[in-house]
Amino acid sequence: MGSLRSRGRNEIDEIEQLSRESSHFSLSTGILPSLGARSNRRVRLKRFVVSPYDHKYRIWEAYLVVLVVYTAWVSPFEFGFLRKPRPPLSITDNIVNAFFAMDIIMTFFVGYLDKSTYLLVDDRKLIAIKYLRSWFLLDLVSTIPSEVAMRISSQSYGLFNMLRLWRLRRVSALFARLEKDRNFNYFWVRCAKLICVTLFAVHCAACFYYLLAARNHDPVNTWIGATNKNFLEDTLWMRYVTSMYWSITTLTTVGYGDLHPVNTKEMIFDIFYMLFNLGLTAYLIGNMTNLVVHGTSRTRNFRDTIQAASNFARRNHLPPRLQDQMLAHLCLKYRTDSEGLQQQETLDALPKAIRSSISHFLFYSLMDKVYLFRGVSNDLLFQLVSEMKAEYFPPKEDVILQNEAPTDFYILVNGTADLMVNNSGTETAEKEVKAGDIIGEIGVLCYRPQLFTVRTKRLCQLLRMNRTTFLNIIQANVGDGTIIMNNLLQHLKEMNDPLMEHVLLETENMLKRGKMDLPVNLFFAAIREDDMLLQQLLKRGLDPNESDNNGRTPLHIAAAKGSLNCVLLLLDSHADPNCKDTEGNVPLWEAMVEGHESVVKVLLEHGATIDAGDVGHFACTAAEQSNLKLLKEIVRLGGDVTRPRATGTSALHAAVCEENIEMVKYLLEQGADVNKQDMHGWTAKDLAEQQGHEDIKSLFRERIHERVRIESSSSVPILKTGTRFLGRFTSEPNIRPVSRDVSFRIPEARPRRKTNNFENSLFGILASQSVHKNGLATVEEGKTGNPVRVTISCAGKDEVAGKLVLLPGSFKELLELGSNKFGIVAAKVMSKENNAEIDDVDVIRDGDHLIFATDSNHP
């Protein structure tokens, strides 16, 4: 298991290394995936196989390149100036050869990139075959030590040294990678390569020149012996410098005549060397020229463009202002190009997804603040931002001309501009626009010639949107198109400009005739109460029951607006009169709230009912508005105003909170229950108690007393022994007292209110902390969920302390409890605190002291 985990970690490390290496953006390190491959990053190599793009292997290669530079100098030097190995060069050579021998072994474990498939090969057998067939033999020979070469042949020392120049291919590969690496400047990398090539060519030629002179049978008859007959006795450094001097003067073809070939061998070598110099010089001059021209071509093109524009302006006698605008725009374009601000060019070279993400990051917050797009969906904004084109305009340049065709509109990113109007040849500035303003949108949306000339006051950056592209996007987002049109019309109305009022009137007339290119829907027509436009849209086949995100239909909007013609058109087109939105509202209710009686009548005639919606919500809304007339209208149309909302809140709760006693009376007449709890356990009676509405509390007590009196007169309490008795008539001879030790069993289930329902209210706190006086009893509320406990005593019995009992579920059971406990026929229940008679158990709180009495007894 441990080995498997270790192998998994190794694979993950390899993947991370490949990802890091690929992040350098070098074209030479790209591994192209095969068709259908899911990713080119998760490359799993076989065990003990190293990726050629591994960063550790790249460090090793860079180190070998340093050794190659040493080899490139020492191999020609030893070939030309030394006849046998000489320390310390020989020792250093062997150390360098050891490193390259290690590299030969390592190469058998390094994957390679297949040139035909561009896939990484990690099969060790294929790696070995490829290496053996390619450069293995040359690499092996180039690592043979000099001492071994001397034993084979006394003349092979220099030749074996020259074989080591095979390693120069590593330098060429290094420069090829550096030229494509974005972390290095191309100009300096290219210059470094040219310098290295020149120095190596001069060094090699110098070594060959000296070799020809030193190995000649007559040293005096040589290029160096002609001027210095004892040159072999000079120091090695002096001989090397002399050879380099003649090599450089020959390469540059500026020889001073002091050194020249003497014998035939030198002349032949000089001929080939100068032929080589022709090609090398052409290569160097061509590369340097290309690098210099590349840096100056932009300036040359700019000057040519400016000159051509100036000639064009003079030839066509353009006015000075227009000439200045032309030249200013061209100068700005050159400035942005030279400073690397080619925003649009850079974006166009990227895939659409990256362009969209960049545009969203740069311009989304700006677009979100434009009045025209206020309230539209995020999806539409994202699509619009992706199609915006960023452009720069210099000061005093015309962006839009008055009366030109409306092909584009612009959003100002930064800078300022003036809206100019031309009246009889005189231009006046009507308004200044700043960052975040939109220009040209009236012409685009209303499809009329542009109303103003837009002229920049300083350097401006603008986002341009093409009209065709904009309308194509809106076609797929009709709802957002409606919002945009509403925003435009509202903006025209708020401008309070005679010109804008004329444009607004023309636009509305075009809308009514259905001549607008911008798509609109039934909601737009219903909001504007435009029955002509609504009829046009319905004729096109639009669905009259189409709903928005909140479930509202055009009929909801038309009913709320009170537009009778629109309502009739929709109903005639088979719109559902009982359609319900997410809040439970129906068109009939919308018309009732706004007081549109004619619309209500039409809806009722077409089958609309109030019960199709959330009647409990309607009743609560009427109560919250203290609109008794609306509440009665709900009842008249057959709605049950006692029904609660989804939260359990009823209209009676709302009426109590509003302290509307008239509405409370009406709801009680309709059968509203004062003990009906909402989702928090509150009843209307609790709300009246907590908020201190004395009139409503008295109204509730009267209501409860009346209900208890009716219940008491129609019911007969039954003793546990089975004997009948009348609770209010103690003079009947057939009734006998009940023994005190008769047990009373409290029903297990009774619909009682628990004090924990009000634990967060003032009422609950006071009830839980109630303390009774006169030393009769002190009862504290128990834990959450305990029943209501009360202290009971009898008015006709002198008892020091009462009895603590659980409160029964009904008043009849309470009277029966008192009769059983005290052996009397209890007819009244009094409160010890305020000496008031109690008619309902619902008014008894936890910890109250109750006194039982007959009709003839009083506490």
Side-chain angles (χ1 to χ4, degrees), residues 17-32 50-76 96 99-100 103 107 110 112-113 115 118 120 135 139 164-206 244 247-248 251-252 276-301 337-342 345-346 349-350:
Q17 291 169 3
L18 287 173
S19 299
R20 286 194 297 268
E21 185 65 30
S22 299
S23 65
H24 289 300
F25 301 101
S26 175
L27 297 178
S28 62
T29 61
I31 302 176
L32 299 181
V50 180
S51 170
Y53 308 119
D54 187 279
H55 71 286
K56 294 180 180 179
Y57 182 72
R58 283 293 174 84
I59 294 175
W60 169 255
E61 285 189 320
Y63 174 69
L64 291 181
V65 168
V66 177
L67 301 182
V68 169
V69 173
Y70 166 78
T71 302
W73 178 83
V74 76
S75 294
V96 172
F99 279 107
F100 281 102
D103 183 69
T107 306
V110 178
Y112 68 92
L113 194 66
K115 297 299 183 181
Y118 282 90
L120 198 62
W135 320 121
D139 288 344
R164 295 173 188 169
L165 294 179
W166 163 249
R167 300 169 184 171
L168 287 174
R169 61 185 176 86
R170 297 178 181 271
V171 179
S172 177
L174 174 65
F175 276 111
R177 286 200 304 269
L178 293 179
E179 288 175 356
K180 299 180 180 68
D181 198 322
R182 68 180 180 89
N183 296 316
F184 298 93
N185 185 278
Y186 175 79
F187 177 83
W188 294 114
V189 170
R190 196 70 179 173
C191 288
K193 181 178 180 180
L194 297 177
I195 292 173
C196 291
V197 170
T198 304
L199 291 178
F200 177 73
V202 171
H203 173 70
C204 288
M244 287 290 292
S247 177
I248 292 176
L251 175 66
T252 56
F276 168 77
N277 289 343
L278 289 176
L280 180 61
T281 304
Y283 173 74
L284 294 175
I285 294 176
N287 277 270
M288 293 304 297
T289 302
N290 185 40
L291 293 175
V292 173
V293 169
H294 178 75
T296 60
S297 59
R298 188 174 299 160
T299 303
R300 178 176 53 81
N301 293 334
D337 290 347
S338 61
E339 294 181 359
L341 301 178
Q342 299 171 313
E345 291 80 355
T346 303
L350 298 174

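- When the side chain to side chain contact (heavy atoms under 4.5 Å, CB included) test is applied to Ile285, the partners found at least two apart in sequence or on another chain are Thr281, Thr289.
- Partners of Asn277 by side chain to side chain donor-acceptor pair (under 3.5 Å), not counting sequence neighbours: none found.
- Using a cut-off of 4.0 Å between Lys/Arg side-chain N and Asp/Glu carboxylate O, Asp139 and Arg164 are scored as not salt-bridged.
- Within the 4.5 Å cutoff, the side chain of Leu251 has heavy atoms near those of the Thr198 side chain.
- Remark: Phe175 pairs with no residue by the ring pair (Phe, Tyr, Trp, His ring centres under 6.0 Å) rule, at least two apart or across chains.
- At distances below 3.5 Å, not a single donor-acceptor pair connects side-chain atoms of His203 with backbone N or O atoms of Pro76.
- How far CD of Glu61 is from CG of Leu174: 9.0 Å, rounded to the nearest 0.5 Å.
- Checked by atom type and distance alone, the side chain of Ser247 pairs as donor or acceptor with a backbone atom of Val202 at under 3.5 Å.
- Every ring pair (Phe, Tyr, Trp, His ring centres under 6.0 Å) that Trp166 has, sequence neighbours left out, goes to Trp135.
- Taking 4.5 Å as the limit, every side-chain heavy atom of Val110 sits out of range of all side-chain heavy atoms of Ser51.
- The two residues Arg58 and Pro52 have their closest heavy-atom pair at NE-O, 3.3 Å.
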Only pairs under 3.5 Å count here: list side-chain donor-acceptor contacts from residues 189-197, not counting sequence neighbours, and write none if there are none.
{"residue": "Arg190", "atom": "NE", "partner": "Asn287", "partner atom": "OD1", "Å": "2.9"}
{"residue": "Arg190", "atom": "NH1", "partner": "Glu179", "partner atom": "OE2", "Å": "2.7"}
{"residue": "Arg190", "atom": "NH2", "partner": "Asn287", "partner atom": "OD1", "Å": "2.7"}

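- Residues passing the side chain to side chain contact (heavy atoms under 4.5 Å, CB included) test with Tyr70, sequence neighbours excluded: Val74, Leu89, Thr92, Asp93, Val96.
- Shortest non-hydrogen contact noted between Arg170 and Val65 is O-CG2, 4.2 Å.
- With a 4.5 Å cut-off on side-chain heavy atoms, Phe200 and Leu165 count as touching.
- For Tyr63, the side chain to side chain contact (heavy atoms under 4.5 Å, CB included) test picks out Trp60, Leu67, Phe99, with sequence neighbours left out.
- Within the model, atoms CG of Leu284 and CG of Leu280 stand 4.5 Å from one another, a figure rounded to the nearest 0.5 Å.
- The side-chain tip of Arg167 points at the ring of Phe100 from less than 6.0 angstrom away and within 45° of straight on.
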